[in-house]
Amino acid sequence: MGSSTPLVKAVKGMNDILPAEIARWHAVEGAFARAMQRQGYREVRTPYVEPTPLFVRAIGEATDVVEKEMYSFTRHDEPLTLRPEGTAGAIRAYVEHGVHNQEPVTRWYYLGPMFRAERPQRGRYRQFYQLGAECIGDPGPGCDAEMIDALAGFLREIGVAAPDVFINSIGSGDTRARYKDALVAALTPMKDELSADSQRRLATNPLRILDSKHPADAEAVARAPTILDFLSDADRAHWDELRRDLDALGTPYTVDPKLVRGLDYYTRTLFEIKGAYDKLGAGSTLLGGGRYDGMVKDLGGPEVPAIGFAAGLERLLIASDVEAPKSVVDVFVAPVGDGTQAAGLVLARDVRRAGLRCEVDTRKASMKAQLRRANALGARVCLILGDREVNQGVVEMKELAGHVQEAVARADVVARVAAVVASPVPEASPKEGGA
RNA sequence: GUGGCCGUAGCUCAGCUGGUAGAGCGCUGGAUUGUGGUUCCGGUUGUCGCGGGUUCGAACCCCGUCGGUCACCCCA
């Protein structure tokens, strides 16, 4: 007993999630799966490890993720990487299995761990969990609006207070390139006013200056042209219809022309949902996504449009007020005395065969200890089995919440317990007088 | 990756200007020789994150390191 200094500790930024917390994880994951299934999405599972070139190709060579955040290694001469995000693998699978030949529109969702070698912070870990979905084969914008609306609804469902939706369009084709030139042209005269980071970005990745948190950068950006003025006619039509659809759905949103994202693959629609600013600080982006009409082709498939998103599960859990169910078992079997252990084992097995969750004490603990355990596990019923009961062919059935106890014939007890568990929980009885 | 702050029991934390550790919760035993949750009484746990240095003496001061946290970079 007592404490000890672990010889080996978990890797920095990679955390254990113990059962007490898992209950909340299940609640959010379950709500997510139901929300997606309601829209015809089906789960897909792809490997945690992919060939490194997949991410380089899909995410973009010049992105931070690829440049410095990937867990990459070589095995059997093959360069491999722990997936830093989910879309690349999903699209790889889509192309590899020729899914476009099987159906016109593909709706997939996924959930699982992702890996990025960043400095850990609250809501940002090196192994973290994402919930995500891809809708492949629909050019939008109705599909875009539907996704955004559904996500806002999902967040409300899991008790995220007042999620804020931000949208933007970065166009398609050469829109981004033309805008980039215009932005550089506008910002270059103000170069001296920019932060050191942004002066560097002017050459490397000017779009990133748009969402810089430095006040001086924000001021300069306010005087620079906005990307929405650079959209082609087709891009503009997509953008206008997206907003009309969102309006029709009644989903509130904010247009943020400074919204840009870190992965290179996006086209047209871009969105982000933030929330729980008080608890998440700078990491308040709960979820982000957008359209990536070029990726399927880039990975060797046909020209098929797609849109997707990913949400950070740890962040959702921080932002959400979902509560974990406290109950671990429905029934606790308490064999009391010397010769009752075997009868207890049999009784517990019979209870489980009726589909109930049941733990039986095999420690030969005192009755007090067993009842305390039954209570701690949130059992609805405790079945007490002493020598007396075994001899008489009965079991004491005690309802923990109501303090009612009754001797029930052994032959009837499973059915009786099942009925009790299925019935609504009685009001908590008033505290005993005296104190 | 850069910078600031923090690191004491399983958890939350106290520990005055250096004199070798404490509370609550939890767990556990009893009051109630077969009845939990409430109440009362008792018990339990620490190489004070780790390594080194200063000192007669370090949880406290110094250096390093690991971890956490906040901001930046970036992102979910």
Side-chain angles (χ1 to χ4, degrees), chain A residues 1-7 9-15 18 20 59 63-69 84-87 111 113-132 195-198 200-201 204-205 208 211-214 217 260-263 272-275 280-289 309-319 326 332 334-337 340 365-379 381-389 396 398-405 428-435:
Chain A
M1 275 264 275
S3 107
S4 38
T5 307
L7 289 173
K9 295 196 284 185
V11 173
K12 176 178 179 151
M14 304 202 182
N15 306 118
L18 300 179
I59 299 174
T63 57
D64 287 273
V65 170
V66 168
E67 268 179 3
K68 51 188 198 194
E69 293 171 3
E85 57 102 54
T87 299
L111 73 184
M114 306 294 163
F115 303 85
R116 288 188 213 179
E118 296 180 281
R119 180 103 162 225
Q121 217 171 294
R122 165 174 277 250
R124 174 211 278 191
Y125 306 101
R126 291 185 170 178
Q127 175 174 329
F128 63 107
Y129 294 78
Q130 283 192 334
L131 312 173
S195 68
D197 275 329
S198 287
R200 182 175 42 77
R201 283 188 282 228
T204 57
N205 196 350
R208 294 248 65 104
D211 65 350
S212 166
K213 291 184 184 114
H214 200 101
D217 295 342
V260 290
R261 318 210 70 252
L263 314 179
E272 217 168 71
I273 303 184
K274 300 189 183 200
L280 282 164
S284 292
T285 302
L286 300 172
L287 169 169
F309 76 90
L313 186 42
E314 289 89 344
R315 290 183 186 183
L316 292 183
L317 284 161
I318 291 168
K326 296 259 178 344
F332 190 89
V336 179
T340 58
S366 71
M367 168 163 262
K368 178 183 182 138
Q370 295 196 49
L371 271 164
R372 195 187 299 132
R373 173 92 179 147
N375 190 62
L377 291 174
V381 174
C382 184
L383 296 178
I384 299 164
L385 202 53
D387 297 308
R388 213 158 59 208
E389 285 77 21
E396 285 291 338
K398 181 183 179 73
E399 283 187 64
L400 278 302
H403 299 271
V404 281
Q405 181 170 333
S429 68
K431 298 259 170 76
E432 326 272 289

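Letters go in sequence order (proteins before strands), and every chain restarts at 1. Note that the coordinates shown come from a computational prediction; the quantities given were computed from them, not determined experimentally.
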Its contact letters, B for base, S for sugar-phosphate only and - for none at protein heavy atoms under 4.0 Å, make nucleotides 65-70 of chain B read -SSSBB
Expressed as a whole number of Å, how far does the C1' atom of B:rC13 sit from that of B:rG53?
30 Å
Using the P atom in both, what is the distance from B:rG30 to B:rU35, to the nearest Å?
11 Å
On RNA chain B, check which nucleotide each of A:Arg116 and A:Glu389 is closest to and give me the residue with the more 5' one.
A:Glu389
In whole Å, what separates the P atom of B:rA59 from that of B:rU8?
14 Å
Sticking with atom P, work out how far B:rC48 lies from B:rC61, rounded to a whole angstrom.
16 Å
Pairing check on B:rC25: which nucleotide meets the Watson-Crick or G-U wobble criteria with it, both distances under 3.5 Å?
B:rG10
Distance between the C1' atoms of B:rU28 and B:rA9, in whole angstroms?
15 Å
Pairing partner (Watson-Crick or G-U wobble, both distances under 3.5 angstrom) of B:rC72
B:rG1
Sequence neighbours left out, what passes ring pair (Phe, Tyr, Trp, His ring centres under 6.0 Å) with A:Tyr125? Give chain and number order.
none
Would you say the side chain of A:Lys368 and the base of B:rU35 hold a donor-acceptor pair, judged only by whether the two atoms sit under 3.5 Å apart?
no
For the side chain of A:Arg201, counting heavy atoms from C-beta on, which of B:rA76, B:rC73, B:rU35 is nearest?
B:rC73
